[in-house]
A.B. asks: 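Next up is a structure, given as structure tokens.
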Amino acid sequence: MTDAVLQTRDLRRSFTQGEATIHVLRGVNLTVGQGEIVALLGPSGSGKSTLLQAVGLLEGGFEGEIFIGGEEVAGFGSNARTVVRRDRMGFIYQFHHLLPDFNALENVVLPQMVRGGHRKEADARATELLTALGLGGRLGHRPSQLSGGEQQRVAVARALANRPALVLADEPTGNLDEATADVVFAEFLRLVRGQGSAALVATHNERLASRMDRVVRLRDGVLV
């Protein structure tokens, strides 16, 4: 696929536990096209998070190839990996991981400043995203002053702030009640599609998976 944002070839990951070797990924081949939102389904412990850590260049110890925008990045050193993550990826986790001493606006401004953006433009982008997520009146609130759903909305805005080519989400609504999860996930899909990003979303929720463009399942370390 020439317009692939993400592609893996024969991706493998094993762990040693005592005298046993545990094979978590057994040759994963995955392609995510430009603007495509893909659900990665599997039960807890199936290796979904391990796969996201691999394609997000967050850990070493993997075998195989990882292409981001057609460029092989698995062999990159630490500094080059950081640049790829900063410039091409956005991350959303089950727990928001917001900086507690910064308000909602500042949490979304920060990744833009790290990338070298100007404060005025970063403020405008953060305000635009947070307002679109229904938080226009909560910009000055710190995480401790926000509900769980509001905190996760801030995390969504932060992940999208730099308009990444690829968004990686690991159970992004797994810590929310069903009604709040539905609202937050709908907003996530709307914004990701609106800016044309690709996304790989790990979940065990079949209902949420059905709202994405395509579903792949991780079973016995391979995608089916």
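What you see below is based on every heavy atom in this structure, not just the backbone, and it leaves out hydrogens, waters and symmetry mates. Index from 1, following the sequence.
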A.B. asks: Mind checking the CZ-OG1 spacing from R211 to T203? Nearest 0.5 Å is all I need.
C.D. replies: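 Separation between the atoms: 11.0 Å.
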
A.B. asks: How would you list, by chain and number, every residue that makes a ring-ring contact (aromatic ring centres under 6.0 Å, His included) with H141, sequence neighbours excluded?
C.D. replies: none

A.B. asks: May I ask you to decide if L57's main-chain N or O and R85's side chain share a donor-acceptor pair within less than 3.5 Å?
C.D. replies: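 Yes: the side chain of R85 pairs with the backbone of L57.
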
A.B. asks: Does a salt bridge link R26 with D10, judged by any charged N lying under 4.0 Å from a carboxylate O?
C.D. replies: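 So R26 does not pair with D10 through a salt bridge.
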
A.B. asks: List the residues meeting salt bridge (Lys or Arg N to Asp or Glu O under 4.0 Å) with R163, not counting sequence neighbours, and say none if there are none.
C.D. replies: none

A.B. asks: Can you list everything that forms a side-chain contact (heavy atoms from CB on, under 4.5 Å) with A202? Sequence neighbours excluded, please.
C.D. replies: L40, K48, L52, D170

A.B. asks: Locate the shortest heavy-atom distance separating R193 from D213; write the atom from each residue and the value.
C.D. replies: NH2-OD1, 3.1 Å

A.B. asks: What are the two closest non-hydrogen atoms of M212 and L189, and how far apart are they?
C.D. replies: CG-CD2, 4.3 Å

A.B. asks: Please enumerate all residues that pass side chain to side chain donor-acceptor pair (under 3.5 Å) together with R219, with sequence neighbours excluded.
C.D. replies: none

A.B. asks: So, for V32 and A199, which heavy atoms are closest and what is the spacing to 0.1 Å?
C.D. replies: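 It is CG1-O, 4.1 Å.
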
A.B. asks: Under 3.5 Å, side chain of Q152 to main-chain N/O of P172, donor-acceptor pair present?
C.D. replies: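 Judged by distance alone, yes, a pair lies under 3.5 Å.
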
A.B. asks: Examine distances only and state if a side-chain atom of R142 and a backbone atom of P100 form a donor-acceptor pair shorter than 3.5 Å.
C.D. replies: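 Not at all, since once roles are kept as given, no pair shorter than 3.5 Å links the two residues.
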
A.B. asks: What pairs of residues pass the ring pair (Phe, Tyr, Trp, His ring centres under 6.0 Å) test when at least one of them lies in residues 28-78, not counting sequence neighbours?
C.D. replies: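 Found none.
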
A.B. asks: Taking only residues two or more places apart in sequence, or in another chain, which ones meet E128 in a salt bridge (Lys or Arg N to Asp or Glu O under 4.0 Å)?
C.D. replies: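 Salt bridge (Lys or Arg N to Asp or Glu O under 4.0 Å) list for E128, sorted by chain: R125.
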
A.B. asks: Could you label the plane-to-plane angle of the Y93 and F91 rings as parallel, tilted or perpendicular, counting under 30° as parallel and over 60° as perpendicular?
C.D. replies: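 It falls in the parallel class, under 30°.
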
A.B. asks: Return each pair, listed once, that meets side-chain hydrogen bond (donor to acceptor under 3.5 Å, both in side chains) where at least one residue sits in residues 99-111; pairs must be two or more places apart or across chains.
C.D. replies: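 For residues 99-111, and leaving out neighbouring residues, there are no side-chain hydrogen bond (donor to acceptor under 3.5 Å, both in side chains) pairs at all.
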
A.B. asks: Determine yes or no for a side-chain-to-main-chain donor-acceptor pair under 3.5 angstrom, with N162 supplying the side chain and P164 the backbone.
C.D. replies: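 The answer is no, because no donor-acceptor pair under 3.5 Å joins these two groups.
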
A.B. asks: Roughly how far, to the nearest 0.5 Å, is CD of E36 from CG of L166?
C.D. replies: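 Separation between the atoms: 11.0 Å.
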
A.B. asks: For the residue pair M113 and A122, what are the closest heavy atoms and their distance?
C.D. replies: SD-CB, 4.0 Å

A.B. asks: Using atom types as modelled and distance alone, determine if a side-chain donor or acceptor of Q151 lies under 3.5 Å from a backbone N or O of L146.
C.D. replies: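 Checking the backbone N and O of L146 against the side chain of Q151, a donor-acceptor pair under 3.5 Å is found.
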
A.B. asks: According to side-chain contact (heavy atoms from CB on, under 4.5 Å), who are the partners of D177, at least two apart in sequence or on a separate chain?
C.D. replies: A179, T180

A.B. asks: Is a side-chain N or O of T8 found less than 3.5 angstrom from the main chain of V28, in a donor-acceptor match?
C.D. replies: yes

A.B. asks: Holding to salt bridge (Lys or Arg N to Asp or Glu O under 4.0 Å), I want the full list of residues that pass it with R115, two or more places apart in sequence or in another chain.
C.D. replies: D87

A.B. asks: I need the full list of side-chain hydrogen bond (donor to acceptor under 3.5 Å, both in side chains) pairs touching residues 65-81, with sequence neighbours left out, sorted by first then second residue.
C.D. replies: E71-R88

A.B. asks: Could you go through R13 and E63, starting from their C-alpha distance and side-chain angles, then the distance that decides it, and tell me whether this counts as salt bridge (charged side-chain N to carboxylate O under 4.0 Å, His left out)?
C.D. replies: CA-CA 6 Å; R13 182 68 161 110; E63 300 177 23; over 6 Å; no

A.B. asks: Tell me the ring pair (Phe, Tyr, Trp, His ring centres under 6.0 Å) pairs involving residues 176-215, sequence neighbours left out?
C.D. replies: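 Non-adjacent pairs meeting ring pair (Phe, Tyr, Trp, His ring centres under 6.0 Å): F185-F188.
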
A.B. asks: The criterion is side-chain contact (heavy atoms from CB on, under 4.5 Å); which residues satisfy it with T131, sequence neighbours excluded?
C.D. replies: T127

A.B. asks: Can you tell whether the side chains of R153 and E187 come within less than 4.0 Å, N to carboxylate O?
C.D. replies: yes

